[in-house]
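Below is one structure; the comments refer to it alone.
If you're wondering where the values come from, they're calculated on a predicted model, not measured in any experiment. In what follows, every heavy atom counts, from backbone to side chain, and hydrogens, waters and symmetry copies are set aside.
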Amino acid sequence: MVRQARVLAQATSDLVNAMRSDAEAEVDVDNSKKLLAAAKLLADATARMVEAAKGAAAYPENEDQQQRLREAAEGLRVATNAAAQNAIKKKLVNRLEIAAKQAAAAATQTIAAAQNAAASNKNTVSHQQLVHSCKAVADSIPQLVQGMRSSQAQPEELGAQLVLIMASQNFLQPGSKMVTSAKSAVPTVADQAAAMQLGQCAKNLATCLAELRTATQKVHEACGPLEIDSALKTVQTLKNELQDAKMSVIDGQLKPLPGETLEKCAQDLGSTSKAVGSSMAQLLTCAAQGNEHYTGVAARETAQALRTLAQAARGVAASTKEPQASAAMLDSAQCVMEGSAMLIHEAHQALVHPGDAESQQRLAQVAKAVSHSLNNCVNCLPGQKDVDMALRSIGEASKKLLVDILPPCSKTFQEAQTDLNHTAAELNHSAGEVVHSSRGTSSQLAAASGKFSQDFDEFLDAGIEMAGHTQSKDDQIQVIGNLKNISMASSKLLLAAKSLSVDPGAANAKNLLAVAARAVTESINQLITLCTQQAAGQKECDNALRELEAVRGLLDNPSEPVNELSYFDCIESVMENSKVLGESMAGISQHCKTGDVVAFGESVGVASKALCGLTEAAGQASYLVGVSDPNSQSGHEGLVDPMQFAKAHQAIQMACQNLVDPASSPSQVLSAATIVAKHTSALCNACRLASSKTSNPVARRQFVQSAKEVANTTANLVKTIKALDGDFSEENRNKCRVATTPLLEAVENLSTFANNPEFASIPAQISIEGSAAQEPIVRSARAMLDSSTYLLETARSLVLNPKDPPTWSILAGHSRTVSDSIKSLITSIRDKAPGQRECDYSIDNINKCIRDIEQASLAAVGQTLPCRDDISMEALQEQLTSSVQEIGHLIDPVSTAARGEAAQLGHKVTQLASYFDPLIVASVGLASKLQDHQQQMTILDQTKTLSESALQMLYAAKEGGGNPKASHTHDAISEAAQLMKEAVDDIMVTLNEAASEGGMVGGMVESILDEGTPPEPEGSFVDYQTTMVKFSKAIAITAQEMMTKSVTCPEELGGLASQVTVDYGQLAHQGRLAAATAEPEEVGFQIKTRVQELGHGCIYLVQKAGALQLSPTDSFSKRELIECARTVTEKVSLVLSALQAGNKGTQACITAASAVSGIIADLDTTIMFASAGTLNPENDESFADHRESILKTAKALVEDTKLLVAGAASSQEKLAQAAQSSAKTITQLTEVVKLGATSMGSEDPETQVVLINAVRDVAKALAELISATKCAAGKAADDPSMYQLKSAAKVMVTNVTSLLKTVKAVEDEATRGTRALEAAIECIKQELTVFQSKDIPDKSTTPEEFIRMTKGITIATAKAVAAGNSAQQEDVIATANLSRKAISDMLTTCKQAAYHPEVNEELRTKAKQYGLECTNGYISLLEQVLQVLQKPMLEQKQQLAMHSKHVAACVTELIQTAEAMKGSECVDPEDPTVIAETELLGAAASIEAAAKKLEQLKPRAKLDSWILMLLLVCLQCFPPFLYLLYVSSSFCLYEM
């Protein structure tokens, strides 16, 4: 640290001098002053850092001095960034400009390659995906290029830089999608040259996008704080542009731009208005929270949305023929810009004065004004004014319902009833016209809404007239209430129609309109039922006919889901409703004959409901059939469900109205409260899910904040409802009314935010083939509705005249038609089951592929496989790799679709099967180029295995069919998916090995670039932090090893590069999880950025390794590889520092645990030397000289343990200090104990081992305690991890106490054997606890190794019996030491062998059971020996034999279990050949590990470097000779 501080001080001194020189040469006085001020700030920070460095140099062991140096260095870094900010920013912007240029060029090349490959792409789905992604990228390229050119032309202009940042960010997502689509399409392109070109372009684009992402993030960090000012400037510019456009309108000069039409611009304005409202909601939340960074992001997004809105408003104005309408549109858009500018300004003020109530209030008021202006702007669209006039007309007419006294009746009851029926029919028909016209032109909607408002006025007058004829006040109130419901439903219908006409592409807009139309029909029916007194059965038939007319629209164009039913739910619904309909039709006929009009009416109502259910099910089934066609494009579920939010919003509004209605009864109030609680809870859950799914941090915060607001306002409302329920006073009702206002505002704000098109679902696009598949279902459903309508009309007349024979025959004919149409509907739905036809085609295709691979295998066996000369081996390897990867990506989607998504099954199995033709071609071609026959057969066999497992998967998928209720098939689907994954893994391992041997690293680079699907976090940040540290260090170690191998053994670089790729894949996966769970979010962003930078370093390292393999003697490549390896090591340290910033305390725990692990390994080595009798003292010293130091250090460790346990519940700072202190103390303790053991001399090795074992137990307990502390940090007191922490602390105290006892007993020859035995028993018990835990071991071992370890138990048992009989302390000590090792080794290998992948659950349970029994039996034996030592009686000694027999029996069971694990491939562990080979392998592994450690050693300054290098080279040369020794020995043993 001090050395680096000197270097840093010199560098900053040079920078200060350079800045002073620039200040002297600067002409502008202000700039000169700024430079001098920055130089002074930097010089002061440098001085502080130098002082801190001096203190650290004077006291190198003082942690406070080290911390001061760290803080001073951090302060210097901040000062340097501030001083050199402009230079740094220019450099970063220049880098971003270059990255944007390269990305645009790479994207253009990829689009050209995709167009070239389109003609030979055999997969329609992958081709369509590629075309759509190319179109999206092509739309984004001009913005990126324009942003880059603007930034280059105006290098000092912040606005231009922000435009470039925004264009780059907007380019990343479509660019990544195009890379994915291109990679998916490569294997299905028949033209080899086109496929190779497309694949190479996709790789280049992926690399450019990675660089663009990194550059964008860094520039955004540098320019981010100025985004609010830039957004404000942008909005003011837009306002001026709109003013200029208005002047052009006045002059008659405003013309539409090329490609602008009235309909297109109107739709753009409607959809953009939602994005503006959503981004403004984000802006409000971020400003209220005082978060400057995210407020800037939200301001920038708001400005971008307003730019689109202004362009659309100008287009509408230019395309409108009436100058007044054009001017009105531009005026309203100007109002939006003015309000938005004021809103951004107020948001900035709220950041300047956080927590200021007045500022927050102004912000809310301005936001409401902007929302009002936005609505006015949308209302200026053609057709919208007419809808608004209709809404106002309905509102004015509804005021007639608010009078206390109704006007006198002017008609008779019969006339009023007839008038009501007539106007109801007209209003219902007009509602249908509104639904139909909303999908047409604006003029059609205007006419339909005007007619609807006129019919509503007439209907309302008829309803009020009817209310005047009611007999009682209660009946009158009920009629007026129904009229109010019809008024509200009518308004909602017009609003839904208005919304659909503004944004026809909005998700579920058509369904919302259909729901609103049905609500109008149902409310009309309720009023008719209440008011009219028609002849028996007439009103029920009229209601039913209106309901059937309302649902008929569901069959017009089934391109959207009708409900949430799955395909099989639709079948069940059709079956149930058809049964109900059959019974009700029989009832209609029967009740007509008997004249039971009441039962007739009930049957008609039931039939109507069944027919509506059948129509809904048919509409949903036809949608699913159309979507499931492989030529259709399936939709994608959005972040939120707009329909759910809209329904919840409406339900909460209705419930709040009922709450504040003075006429509401207590039961109605409670019912309304229940509805509010239900829907607000659903909204909060939806927000929680959306926040966990989105990768947009601003949106995540907004969803969380909105959920909090809804929850809090709901809680306040519930309190007032409880008070109202206790006392229905006017005061409590007013409180309840006041409490509903913030709730409605919160729900409305949430709905506005959720309407952002970014969160919306992507609707499915049903192909011509899909529409043709829908036709039988739709035709049958329409026939059912038509015949049912005729049947009800006939029954309506027949119930009045049941004696008319011709009418009966007509009724029977309609009944038969209904039955036939329902049968046809059921048959059509069943015949069109999604995915079944595609599964059959795919099964046939894969069967053909299996036959082809079998023919190739036979040819390879006969060595007659023709070699492909038209393509290189590397190209074939890449083709095979890409095909296998795409198949691997589709396994889970196919499995998911087969279990519960029938609509996706056809798409997924077709995609899966399409990759097997190129798989077989590439596999056979690669095999034909391989010279080694074994490699040929391996590739072909693994390809066949993959094909067969895919065939099994398809059979299981076909049987499952996407039916979530067919649970009996789900296990088979999961099993087939697992087999496919294993087959993919096997062939990928083979391909990677072959690629690394040949220096082909393209696949590795692609793996590093592949970000994959963002996973769902399931653990805590600490879990991911621990794993990331492990893989980061592994990458650093491998990089160091690659530096060494580049000089000594370049041919091994391929395997090391492959290891880096695998480790980085794991690190990136864990990094995404850690970034998602890190707090605060800035830390997560930093982790993500650092991991991505490390990925770039790994890419360059892997590429250089491949280049060096191809030319091992190229010195330039060696230097480049060494430089890349150093860069990777530096970037690993940056990742670790980012992790430490996330949780300093837990990071310190990880570091301390690593240090303790090294101490344990060192103690194991020391025990080995002590056992060999080579641990000798360096001078004449006794154990007494070290006893006090050991006791003192052990007590200090106990204090550190207390601080460590307390640190779990305190701050991260205190936890870090406790972890560092404990690691330091255990290091000191092990050193003094080793010195104490050494001082005892090698004459008594067993006692030395006892002492070292005692401190090893302490170190092991400390490692467990640190791990438990890390997991428990920040958790609640009742969390399970806290109990584990307490348990680990108890073990730690026990082991320290045991160490103290051992230290005291070491010099007492009479008791040290007893003490050693007690410590051994305690150690074995702790080992047994670890053995019984549910943790799965990191590695597995063979049954042979397990059997070999059981022999130690037999020897130790004999030793224990002998020690008990002799009662000699020396024998007891030797027994204790041997028992520890024997039992520990046995338990470790037992668990490792039990969890071997090929061991079944039954054998695993047996092995663990017998391992437990054996250990318990051995503990009993040792305890018996202890009793013999304390009471050496004959009876006690006789029990030793009984315990030893029990242990021997357990060992026999263990050996039998191990034999069962081996299966048929038995190897006798007693065979001398096997024993010798095992020992040689063990020795080879040990020396190889030692050689790797020696490679990492650095020479001390006092040694001549050439001597040490000579030593290292000699030692590194030793393993190959050892391997030759092993091979020769094995051969000799085999010959013997």
Side-chain angles (χ1 to χ4, degrees), residues 413-415 417-429 432 521 524-525 528-529 531-553 555 574 577-615 618 776-828:
F413 179 80
Q414 292 299 329
E415 290 174 342
Q417 181 174 290
T418 303
D419 196 17
L420 182 64
N421 284 330
H422 174 70
T423 54
E426 290 295 322
L427 182 63
N428 194 61
H429 180 72
T521 302
I524 290 173
N525 286 348
I528 297 296
T529 302
C531 294
T532 59
Q533 295 180 0
Q534 295 175 320
Q538 300 303 292
K539 60 185 177 184
E540 288 85 357
C541 289
D542 290 342
N543 290 347
L545 290 170
R546 277 191 290 271
E547 288 177 352
L548 296 185
E549 186 65 26
V551 299
R552 188 181 294 272
L555 302 174
V574 168
N577 283 307
S578 62
K579 182 180 178 182
V580 172
L581 180 62
E583 294 173 354
S584 58
M585 285 170 56
I588 289 172
S589 177
Q590 180 65 28
H591 300 317
C592 280
K593 290 178 181 177
T594 60
D596 189 348
V597 291
V598 176
F600 172 81
E602 291 176 355
S603 296
V604 169
V606 172
S608 174
K609 293 290 183 292
L611 286 166
C612 289
L614 282 165
T615 306
I777 299 175
V778 174
R779 185 170 58 246
S780 299
R782 283 178 180 156
M784 175 193 71
L785 280 181
D786 291 340
S787 54
S788 299
T789 301
Y790 297 143
L791 183 144
L792 288 174
E793 289 174 347
T794 306
R796 185 173 182 272
S797 62
L798 190 62
V799 75
L800 296 176
N801 185 16
K803 304 295 185 182
D804 187 8
T807 309
W808 277 106
S809 63
I810 293 172
L811 181 70
H814 290 321
S815 180
R816 280 194 300 273
T817 307
V818 171
S819 299
D820 293 342
S821 59
I822 290 176
K823 290 177 184 176
S824 173
L825 176 64
I826 294 172
T827 303
S828 300

Do I822 and K579 come close enough that some side-chain heavy atom pair is under 4.5 Å? no
Roughly how far, to the nearest 0.5 Å, is CG of D596 from CD of Q590? 9.5 Å
Of all heavy-atom pairs between A795 and F600, which one has the smallest distance, and what is that distance? O-CZ, 3.6 Å
Show the nearest heavy-atom pair for residues V778 and L555, with the distance to one decimal. CG1-O, 3.6 Å
OG-CG distance between S788 and L548, expressed to the nearest 0.5 angstrom: 6.5 Å
What closest approach, in Å, do A424 and I524 show between heavy atoms, and which atom pair accounts for it? CB-CG2, 3.7 Å
Side-chain donor/acceptor of S824 to backbone N/O of D820, under 3.5 Å: no
Under 3.5 Å, side chain of S589 to main-chain N/O of A586, donor-acceptor pair present? no
Only one of I826, L825, T827 clears side-chain contact (heavy atoms from CB on, under 4.5 Å) with I777; which? L825
Under a 4.5 Å cut-off applied to non-hydrogen side-chain atoms, are R796 and L792 in contact? no
Calculate, to the nearest 0.5 Å, the distance between atoms CG and CD belonging to L791 and E793 respectively. 10.0 Å
Rounded to the nearest 0.5 angstrom, the CG-CG distance for D542 and N421 is 6.5 Å
What are the two closest heavy atoms between T615 and V551, and how far apart are they? CG2-O, 3.6 Å
Tell me every residue that passes side chain to side chain contact (heavy atoms under 4.5 Å, CB included) with S821, counting only those two or more places apart in sequence or in another chain. A783, M784, S787
Tightest non-hydrogen contact, residues R546 and N428, listed as CG-ND2, 3.6 Å
Checking R552 against D786 for the side chain to side chain contact (heavy atoms under 4.5 Å, CB included) test, could you report, in this order, the C-alpha distance in whole Å, the side-chain angles of both residues, the deciding distance, and whether it holds? CA-CA 10 Å; R552 188 181 294 272; D786 291 340; 2.7 Å; yes
Please name all residues satisfying side chain to side chain contact (heavy atoms under 4.5 Å, CB included) with T794, sequence neighbours left out, ordered by chain then number. T807, I810, L811, H814
Which heavy atom of E547 sits nearest to which heavy atom of T521, and what is that distance? N-CG2, 3.9 Å
Between the OG atom in S578 and the CE atom in M585, the distance rounded to the nearest 0.5 Å is 11.0 Å
To the nearest 0.5 Å, atom CG of L581 lies from atom CG of L611 at 4.5 Å
